[in-house]
Undergrad: 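Please find one structure pasted underneath; my questions will follow.
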Amino acid sequence: MDAGHMLYLVLDSDRPNPLFRSPITEPKNILDLGTGPGTWAIDVADQFPTGKSTRKKMGRLSKLRAALANIYGVDLAPPPNTWLPPNCNLQVDDALSAWTSRVKFDLIHMRLMLGAFTPTEWDDIYQKCFDNLEPGGYIEQLEPDVRVMSDDGSLDPNSLLAGWGGNFVGSSERAGRSLDTQQTMKAKIEAAGCVDVQEHLYKCPIGVWPKDKLLKDAGRINHVHWSSGLEGFAMFLLTRFGAPKPWTADEVRAYTTKVREELKAPNLHIWHYT
Ligand SMILES: C[S@@+](CC[C@H](N)C(=O)[O-])C[C@H]1O[C@@H](n2cnc3c(N)ncnc32)[C@H](O)[C@@H]1O
């Protein structure tokens, strides 16, 4: 997950704020849904420092700096961190249960939540987000497309990597929680009431093959993200919803080992949308 966080920072490293695109300069409250280890929430909290002790230390500067915000992160699992900035609050909760917070948010952020919800649950989540925004607030979501592609034929159509996306999306559909979030989120966010919804697609490389320095860095990190994450991405879905019948854990490990081997091929110019 840390590699995933780093990947998105690098992809937007040529922008003034690589943490989010929403044009908010003086947020008061920001929510990160499905925050995981809270890495994004912690970085955003550091970007908008607040809390009495910080303000005191900042002294005169605090008067100049208008941007002071509270960042909330919510996840089913408790965060592994023992240290948090004073303006970062990570809570254990189910995003599908009733939202009881009285705070309204300037920005609600979600990232790598594909496969977390059924289509009806996604509708519910976006409606909850919309209803809990300040007027003029933003929803921002980053999701990858798990299908691997190449533009130059370097991806063998018979390889495991070429079949990875179909295998994975098929399993997620049998689970009722499709991994098609990237393709469905814009329409669902609009259906919840948001207007002027913008979409930005990256062709995100896996590996160091791009000539462009930013994309080479992104590809290097993405390669780590994939090779270290494959087993974790696949184990639950394939052992429960694999085809033609659920796979054993050993079958999944053997499969992900072979996919990891394929990822090492030097002449592979592969990418996926994100
Ligand atoms: C792949 S992780 C992404 C973590 C983080 N957003 C990031 O980008 O590093 C997905 C997270 O969503 C959380 N999640 C899934 N369903 C949830 C729910 N109903 N309520 C809250 N969190 C949920 C999981 O516990 C997991 O930590």
Side-chain angles (χ1 to χ4, degrees), residues 1-13 17-22 30-47 71-81 84 88-101 105 107-129 131-132 138-146 168-169 171-172 175-182 184-185 188-189 200 202 204 218 221-222 224-238 240 256 272-274:
M1 279 198 240
D2 281 351
H5 178 62
M6 192 61 72
L7 170 66
Y8 286 111
L9 289 187
V10 169
L11 282 173
D12 268 349
S13 56
N17 181 4
L19 285 166
F20 57 82
R21 287 177 169 247
S22 303
I30 294 178
L31 173 64
D32 186 29
L33 265 193
T35 194
T39 328
W40 183 87
I42 290 169
D43 275 5
V44 176
D46 282 340
Q47 193 174 67
I71 318 300
Y72 301 85
V74 168
D75 203 285
L76 290 173
N81 306 320
L84 292 173
C88 184
N89 185 341
L90 300 186
Q91 299 168 354
V92 176
D93 213 339
D94 183 348
L96 289 169
S97 57
W99 291 19
T100 50
S101 163
F105 301 98
L107 168 64
I108 299 182
H109 173 265
M110 287 175 274
R111 190 178 64 186
L112 296 170
M113 294 293 285
L114 70 171
F117 304 118
T118 66
T120 323
E121 287 170 350
W122 272 119
D123 293 338
D124 177 43
I125 289 288
Y126 291 126
Q127 201 57 58
K128 284 188 162 95
C129 290
D131 294 344
N132 284 278
Y138 288 82
I139 297 174
E140 185 159 333
Q141 182 167 13
L142 292 84
E143 300 294 349
D145 183 334
V146 296
F168 221 40
V169 172
S171 303
S172 72
R177 290 157 198 268
S178 178
L179 294 172
D180 66 357
T181 310
Q182 186 197 75
T184 52
M185 61 188 185
K188 281 182 178 277
I189 289 171
H200 182 82
Y202 304 79
C204 186
I221 297 166
N222 202 20
V224 173
H225 192 219
W226 274 71
S227 39
S228 62
L230 285 171
E231 191 180 312
F233 301 156
M235 188 59 80
F236 175 86
L237 276 179
L238 294 181
R240 285 169 177 76
T256 51
H272 62 89
Y273 280 120
T274 200

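Read the numbers this way: they start at 1 and go in the same order the structure lists the ligands and their atoms. Positions are given from 1 along the sequence.
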Undergrad: What protein heavy atom sits nearest atom 23 (C) of ligand 1, and how far off is it?
TA: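 Result for atom 23 (C) of ligand 1: Leu76 CG, 3.8 Å.
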Undergrad: Are the aromatic ring centres of Phe233 and His225 under 6.0 angstrom apart?
TA: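 Yes, the ring centres sit under 6.0 Å apart.
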Undergrad: What protein heavy atom lies closest to atom 13 (C) of ligand 1? Include the residue and the distance to one decimal.
TA: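 For atom 13 (C) of ligand 1, the nearest protein heavy atom is Asp75 OD2, 3.3 Å.
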Undergrad: Non-hydrogen atoms of Phe117 versus ligand 1: any pair closer than 4.0 Å?
TA: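 Yes.
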Undergrad: Roughly how far, to the nearest 0.5 Å, is CG of Asp32 from CZ of Phe105?
TA: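 Phe105 atom CZ to Asp32 atom CG measures 11.0 Å (nearest 0.5 Å).
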Undergrad: Around atom 6 (N) of ligand 1, find the nearest protein heavy atom and jot down its residue, atom name and distance.
TA: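 Checked against all protein heavy atoms, atom 6 (N) of ligand 1 sits closest to Gly34 O, 2.7 Å.
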Undergrad: How far is atom 20 (N) of ligand 1 from its nearest protein heavy atom, and which residue and atom name does that atom have?
TA: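 Result for atom 20 (N) of ligand 1: Ala95 N, 2.9 Å.
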Undergrad: Which bit of Asp32 gets closer than 4.0 Å to ligand 1, counting heavy atoms only: side chain, backbone, both or neither?
TA: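 None of Asp32 does.
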Undergrad: Nearest to atom 1 (C) of ligand 1, what protein heavy atom do you find, and at what distance?
TA: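 Heavy-atom neighbour on the protein nearest atom 1 (C) of ligand 1: Leu112 O, 3.2 Å.
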Undergrad: Within the supplied structure, the quantity of interest is the number of heavy atoms (other residues, nucleotides, ligands) at a distance under 6.0 Å from Met113 CE; does it exceed 12?
TA: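 Yes, because the 6.0 Å sphere around CE of Met113 holds more than 12 heavy atoms from other groups.
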Undergrad: Looking at every non-hydrogen atom in both residues, tell me the closest pair between Ser172 and Leu179 and how far apart they are.
TA: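 Shortest heavy-atom separation between Ser172 and Leu179 comes out as OG-N, 2.9 Å.
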Undergrad: What is the ring orientation for Trp122 with Tyr126, classed by angle as parallel under 30°, tilted 30 to 60°, or perpendicular over 60°?
TA: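 Trp122 and Tyr126: parallel rings.
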Undergrad: Describe, in one word, how the ring planes of His272 and Trp226 are oriented to each other, choosing from parallel (under 30°), tilted (30 to 60°) and perpendicular (over 60°).
TA: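 Answer is tilted, since the angle falls between 30° and 60°.
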Undergrad: So which protein heavy atom does atom 12 (O) of ligand 1 come closest to, and at what separation?
TA: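 Ranked first by proximity to atom 12 (O) of ligand 1 is Met113 SD, 3.2 Å.
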Undergrad: Using the rule side chain to side chain donor-acceptor pair (under 3.5 Å), only one of Glu143, Glu140, His5 pairs with Arg111; which is it?
TA: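 With Arg111 as partner, side chain to side chain donor-acceptor pair (under 3.5 Å) holds for just one option, His5.
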Undergrad: Of all the heavy atoms in His5, does at least one lie under 4.0 Å from an atom in ligand 1?
TA: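 So His5 does not count as touching ligand 1.
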Undergrad: Under 4.0 Å from any heavy atom of Asp94, which atoms of ligand 1 are there?
TA: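 Counting atoms of ligand 1 from 1, those under 4.0 Å from Asp94 are 18 (C), 19 (N), 20 (N).
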Undergrad: Please state which protein non-hydrogen atom is closest to atom 7 (C) of ligand 1 and give its distance, to 0.1 Å?
TA: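 The protein heavy atom lying closest is Arg111 NH2, 3.6 Å.
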Undergrad: Which ligand 1 atoms does Asp93 reach within 4.0 Å, using its non-hydrogen atoms?
TA: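 It comes down to these atoms of ligand 1: 20 (N), 21 (C).
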Undergrad: Which bit of Trp40 gets closer than 4.0 Å to ligand 1, counting heavy atoms only: side chain, backbone, both or neither?
TA: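 Under 4.0 Å from ligand 1, Trp40 contributes no heavy atoms.
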Undergrad: Are the side chain of Gln141 and the backbone of Met110 linked by a donor-acceptor contact shorter than 3.5 Å?
TA: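 Answer holds: no.
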Undergrad: What are the atoms of ligand 1, with element, lying closer than 4.0 Å to any heavy atom of Gly36?
TA: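 Every atom of ligand 1 under 4.0 Å from some heavy atom of Gly36: 4 (C), 27 (O).
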Undergrad: Sort out for me which residue in Tyr72, Phe20, Trp40 forms a ring pair (Phe, Tyr, Trp, His ring centres under 6.0 Å) with His109.
TA: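 Per the ring pair (Phe, Tyr, Trp, His ring centres under 6.0 Å) rule, the option paired with His109 is Trp40, out of Tyr72, Phe20, Trp40.
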